[in-house]
**Student:** 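Dropping the structure in here first, questions after.
These figures come from a predicted structure and were not determined experimentally.
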Amino acid sequence: MSDTAADSAWRLPDDREAVRAALIEWYEDDHRDYPWRRTDDPYEILVSEVMSQQTQLDRVVAAWEEFLERWPTTADLAAADRADVVGFWTDHSLGYNNRAKYLHEAARQVESEYGGDFPETPDELQELMGVGPYTANAVASFAFNNGDAVVDTNVKRVLYRAFDVPDDDEAFEEAAQELMPEGRSRVWNNAIMELGGVACEQTPKCDGAGCPWREWCDAYASGDFTAPDVPTQPSFEGSRRQFRGRVIGTLREYDELELDALGHRIRVDYAPDGEYGREWLEGLLSDLEDDGLVETDERDEDDEFVARLRR
DNA sequence: ATCCCGACCT
DNA sequence: AGGTCGGGAT
């Protein structure tokens, strides 16, 4: 048998129960008190997970509360106009508008396919739009205490440092699952992500945060706190994403807008026949249309091409 | 500049 | 397997 990354010589401490107990005790003793940690409503959990996928938690709190005040249940959200949900997303600077669409669509799925009651297993949850392996396990865990071990960038960093688990998705899955105490996914997944969030950060605070795993941690022993590579994103300034965001933001202010008018409002160097002109803008709008965020209309009479937010 | 509790489509 | 998707905070 070859010594691939997945079956290389990592192993968890023998004293596994002690490792588990130490982390859970550490978490229960003190942790950040985010409001979604005090609910077991799967819809409220899902909203928090989707919002926090690429947005800092401290900025999510207010948005989460307002979102649930406006659309308290999946039935409310399913009945909403997509333009309003996307608008809310933009107003609260929650990033990727696609996620607003996913959430809206997922709410409709829960209503139409599950009669308003969320499915309770990770596999079923993954069928919901925008819900992948991570989010499915998070919702199953935090709402139903019925998830498998979550593996996100925090968990990877912790496992990589503490137990020398190689930077390999299979290995992370296996190690995480082996470590999680059976039937305790709610507290466990909260705890291990909290560890990655407040102690085993990019720059670790082992002693400051009172890390409960110091006695077992390979990195703490060796002083090597290298972390798995997280792919760095290209700069946002001048990116395509930036202009997508501007299109959404601009179309919110108008019922509909003609192509050139829109172009001039999203970039100062817009020139209909230039490098960033109609052709470029139509490509952008075409993608936004495929994403279900925008609709366009060609009017034969005056040969006018208009765009508006999709309802 | 870099960070931030992934998922989708091809 | 790789490319794409926002934007505020630090």
**Student:** Throw together a table of side-chain donor-acceptor distances under 3.5 angstrom for residues 225-236 of chain A, partners on residues two or more places apart or in other chains.
**Tutor:**
unit_1: Thr226(A); atom_1: OG1; unit_2: Asp224(A); atom_2: OD1; d: 2.4
unit_1: Gln233(A); atom_1: OE1; unit_2: Arg241(A); atom_2: NH2; d: 3.3
unit_1: Gln233(A); atom_1: NE2; unit_2: Tyr96(A); atom_2: OH; d: 3.0

**Student:** How is the base pairing of DNA chain B summarised as a dot-bracket string, given the Watson-Crick and G-U wobble criteria with both distances under 3.5 Å, [ ] for crossing and | for another strand?
**Tutor:** ||||.|||||
**Student:** To the side chain of Tyr102(A), which of dA9(C), dC5(C), dC8(B) is closest?
**Tutor:**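 Nucleotide nearest to Tyr102(A)'s side chain: dC8(B).
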**Student:** With sugar-phosphate meaning primed atoms plus P, OP1 and OP2, does Ser239(A) contact a base, only sugar-phosphate, or nothing at under 4.0 Å between heavy atoms?
**Tutor:**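 Result for Ser239(A) = nothing.
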**Student:** Centroid separation under 6.0 Å, is that true for the rings of Tyr270(A) and Trp280(A)?
**Tutor:**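 No, they do not, as the ring centres are separated by 6.0 Å or more.
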**Student:** Contact class for Asn97(A) vs. all strands (heavy atom < 4.0 Å): base, sugar-phosphate, or nothing?
**Tutor:**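 The answer is sugar-phosphate, as Asn97(A) gets under 4.0 Å only of primed atoms, P, OP1 or OP2.
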**Student:** If you check the Gln202(A) side chain, which of dC5(C), dC5(B), dC4(B) turns out closest?
**Tutor:**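 It is dC4(B).
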**Student:** Between Tyr134(A) (OH) and dC5(B) (C1'), how many Å, whole number?
**Tutor:**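 Rounded to whole Å, this separation is 4 Å.
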**Student:** Tell me whether the guanidinium CZ or amine NZ of Arg59(A) lies under 6.0 angstrom from the six-membered ring centre of Trp64(A) and within 45° of its axis.
**Tutor:**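 Output no; distance or angle outside limits.
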**Student:** For Val150(A), which contact category applies under a 4.0 Å heavy-atom criterion: base, sugar-phosphate, or nothing?
**Tutor:**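 Since no nucleic acid heavy atom lies under 4.0 Å of Val150(A), the category is nothing.
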**Student:** Starting from C1' on dC4(B), measure out to CZ on Arg99(A) and report it in whole angstrom.
**Tutor:**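 In whole Å, dC4(B) C1' lies 11 Å from Arg99(A) CZ.
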**Student:** Can you check whether Phe172(A) and Trp10(A) have ring centres sitting under 6.0 Å from each other?
**Tutor:**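 Phe172(A) vs Trp10(A): aromatic centres not under 6.0 Å.
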**Student:** I'd like to know if Gln56(A) reaches the base of dC3(B) with its side chain, counting only an N/O donor and acceptor under 3.5 Å.
**Tutor:**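 Result: at least one qualifying N/O pair found.
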**Student:** Tell me what Thr135(A) touches on the nucleic acid: a base, only sugar-phosphate, or nothing, going by heavy atoms under 4.0 Å.
**Tutor:**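 If one applies the 4.0 Å heavy-atom cut-off, Thr135(A) turns out to touch the sugar-phosphate alone, with no base involved.
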**Student:** For the side chain of Tyr96(A) and the base of dG6(C), is some donor closer than 3.5 Å to an acceptor across the two?
**Tutor:**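 Yes, a donor-acceptor pair under 3.5 Å.
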**Student:** Using a heavy-atom cut-off of under 4.0 Å over every strand shown, decide if Gln53(A) touches base, sugar-phosphate, or nothing.
**Tutor:**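 Sugar-phosphate, no base atom in range.
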